> 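This is the structure I have questions about; it appears just below.
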Amino acid sequence: MRPMFPLSLLAIGLALIAMTGCRREAPAPAAAPSPAASATPAADEAARPDEHSYAEPEKVRTQDVALELNVDFAKKQLAGSATYTLDWLDPRYGKLVLDTRDLTIEKVVGERADGRWADLIYTTAPADKILGSKLTIAVPERNRRIRITYHTAPTASGLQWLEPSMTEGKKTPFMFSQSQQIHARSWVPLQDTPIVRFTYTAHVTSPADTMVLMSADNDPKAVRDGDYTFKMPQKIPSYLLAIAVGDLVFKPISARAGVWAEPSMAPKAAAEFVDTERMMRTAERLYGPYRWGRYDILVLPPSFPYGGMENPRLTFATPTVITGDRSLVSLVAHELAHSWSGNLVTFATSKDAWLNEGTTSYVENRIIEDLYGRERADMESVIARNELKSEFTEENKALQSLAVKAGVLKDPDENLGSTVYTKGAWFLAFLEQRFGRANFDAFLRGYFDHFAFQSVTTQQFADYAKVNLLEKYPGKVTQDEFDAWLYQPGVPSTAPQVVSPRFEAVDAARKAWLDAGTLPDKALTSKWTTHEWVHFIEGMPETLTPEQLAALDAAYTFTGTPNGEIAQRWYPLAVRSGYTQANTAIADFLQRIGRRKLIMPTYTALAKTPQGLKLAEEIFARARPGYHPITSGSVEQVIREAKAGAAPGR
Ligand code: BES
Ligand code: ZN
């Protein structure tokens, strides 16, 4: 049971006497007991519309947030204020509950009818490990605007502060945010649930030699002077709030798309992502206009814990997809697709994550097919579906249905990737196959228009699909077939299968080598893309002999590869096979890159033997200062579980 400390307004009044840091000006009304206050912690949790937020969006909603922040690299701190414009939905309610984590709240004031700002009483509950601290502000007058003055902790879970040595240029420090899933609350006090959508503005000051960018209207021509203003005029959920600060320059791709990166990276990034405008046109043709103005991509240092993050108008991306051959640009297709599935139509809670990631993975695949052909789109589907097959086990059945039950997902960062991404996309591929592409495209476009700028639940999706697919085109899919995808674990028997002839050629080449030691012909492998190399390695037996690995290395130099997708598969195989020649390269890879998906399989493989675990711990000790807290958390968990003798996690 999580520690939960719901305070009635009466208790707030009493606590005020004992607590320092709480201020008040408005007198007695705040102390009146509220009929809305919950009776027990359990009732409180069950009554919340989003179990990962303390907010009460049915009572009051944030309409706009105005940020005033200063970026202090020496203190690793954001300090300033957030001003909320509120819509009091319940005219008798007198509390504003916000999510916070590791924030120091200095002052809370409300704007009165006469325009003066007066102190409000507030209390911060002890922190829950996953959810952070509930901030309860007594607002008896239901002020339309409230302002919180606060500062962040150097350990804020949603920010990473990088020393200059951890950047490309090595001269300027860097800072970036990663708010999804519930980390925005570690840098802004918020109703941190996607049920609530708000517009925002920001005025940010930083050292004069740094550029500040946000998930807003970044001006490619902004003068770099340490003083920046931003406006996000479309309503967004809190997890799309984003900021980055560093030595960043802009390079255009088209009139409305471009890249931001450190100076030495910018030309490479612009060349890698040259197809971005074409991707936008494909998505627009299929799903309607791009509604966010500019679409820029910010290339972050290699410690970025994810591949990409769909921050509106400014996708955040890992540099590990810049391979020089554009083979990993499906990342851009994916993050761009979120401009429809996710940012325009948003999941209501983490339990509905597939609505964001599954729909996006489906749209991503359609963009790839349109630009690069069916063969490549199919190879990407097969890689993802093979991963699903190895990820789905008897133990994680509760996380295999698209609609996750309440209470199952303790930490919203621990959604099962294969369910939300791959099974979600597969479900839509199934619907496309049964209803036909033209009808299904029209349906999806209609869904994006119908729910534009709203947050929806799986149930709302199902209701909409019932009317606009199942009943509109009767006899194609039964309700039972539809529901099996949403509510059953595993992959339904109705799932359409994909065969990839290019992968069949890879399978044949691998078999010939395993059976007779004959390496595939250069004429064949010279045409292979990252996809084929990935499939070649993934289809290998659990272990090979060190001699076999040495033979592959002699032919293809996998060890030391600059391609993270190949490294992600090769190094675990090397570890399992006792191929210790790769250890130096493994240490280098794990230290250089902080993208969780790329490095976790190698840590997990190492943690399976005592010597491997020792090496993992040594490498982690060195790499840790450069890792993002999200990555450190995952590595720690694998090491902890290995030490406890339990089966290591992912
Ligand atoms: N929105 C996600 C990243 C995310 C998901 C962050 C859940 C925190 C919690 C983003 O769009 C994403 O899916 N990124 C993928 C890349 C993609 C090509 C599949 C990633 O980072 O691996
Ligand atoms: Zn995504």
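Every value quoted in this text rests on a predicted model; they were computed, and no experiment measured them. Reckoned from all heavy atoms, side chains included, excluding hydrogens, waters and symmetry mates. Numbers here simply count residues along the sequence, with the first being 1. Whatever order the structure lists ligands and atoms in, that order sets their numbers, starting from 1.
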> Can you pull out the closest protein heavy atom to atom 21 (O) of ligand 1? Residue, atom name and distance to 0.1 Å, please.
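For atom 21 (O) of ligand 1, the nearest protein heavy atom is G307 N, 2.6 Å.
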> How long is the straight-line distance from OH of Y362 back to CD of E432, given to the nearest 0.5 Å?
3.5 Å
> Could you check atom 10 (C) of ligand 1 against the protein and tell me its nearest heavy-atom contact, residue, atom and distance included?
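Ranking protein heavy atoms by distance from atom 10 (C) of ligand 1, first comes G308 O, 3.2 Å.
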> Check if Y239 has a non-hydrogen atom at a distance under 4.0 Å from any atom of ligand 1.
no
> Is the shortest side-chain N to carboxylate O distance from E277 to R281 below 4.0 Å?
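Salt bridge flag = yes for R281 with E277.
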> Can you tell me the protein heavy atom closest to atom 6 (C) of ligand 1 and the distance?
Q180 OE1, 3.4 Å
> If you draw a sphere of radius 2.8 Å around the Zn ion (ligand 2), how many protein N/O/S atoms end up strictly inside it?
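Count of protein N, O, S atoms less than 2.8 Å from the Zn ion (ligand 2): 3.
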> For ligand 1 and Q181, I'd like to know whether there is a polar contact (N/O to N/O, distance under 3.5 Å).
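No - when backbone and side-chain N and O of Q181 are compared with those of ligand 1, no distance drops under 3.5 Å.
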> Assess whether a salt bridge exists between R101 and D192, defined as any Lys/Arg side-chain N lying under 4.0 Å from an Asp/Glu carboxylate O.
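Looking at D192 together with R101, the answer is no, because their closest N to O distance does not fall below 4.0 Å.
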> Which atoms of ligand 1 have any heavy atom of H334 under 4.0 Å away?
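The list of qualifying atoms is 11 (O), 12 (C), 13 (O), 17 (C), 18 (C), 19 (C).
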> Of the listed options (H338, E335, E310, H183), which comes nearest to atom 15 (C) of ligand 1 when hydrogens are ignored and any heavy atom counts?
E335
> May I ask you to list the atoms of ligand 1 that are less than 4.0 angstrom from any heavy atom of L331?
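In order of numbering, the contacting atoms are 16 (C), 18 (C).
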> From the options P496, P492, S418, select the one residue that forms a side chain to side chain contact (heavy atoms under 4.5 Å, CB included) with W426.
P496
> Does a side-chain heavy-atom distance below 4.5 Å link P49 with T193?
no
> Before accepting this row, confirm whether a basic side-chain N of the pair R374/D378 lies closer than 4.0 Å to the acidic partner's carboxylate O.
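The answer is yes: the pair qualifies as a salt bridge.
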> If you measure from CG on L213 to CG on D296, what distance do you get to the nearest 0.5 Å?
8.5 Å
> Regarding E565 and K597, does a basic nitrogen lie under 4.0 Å from an acidic carboxylate oxygen?
yes
> How many angstroms lie between atom CZ of F392 and atom CG of L416, to the nearest 0.5 angstrom?
6.0 Å
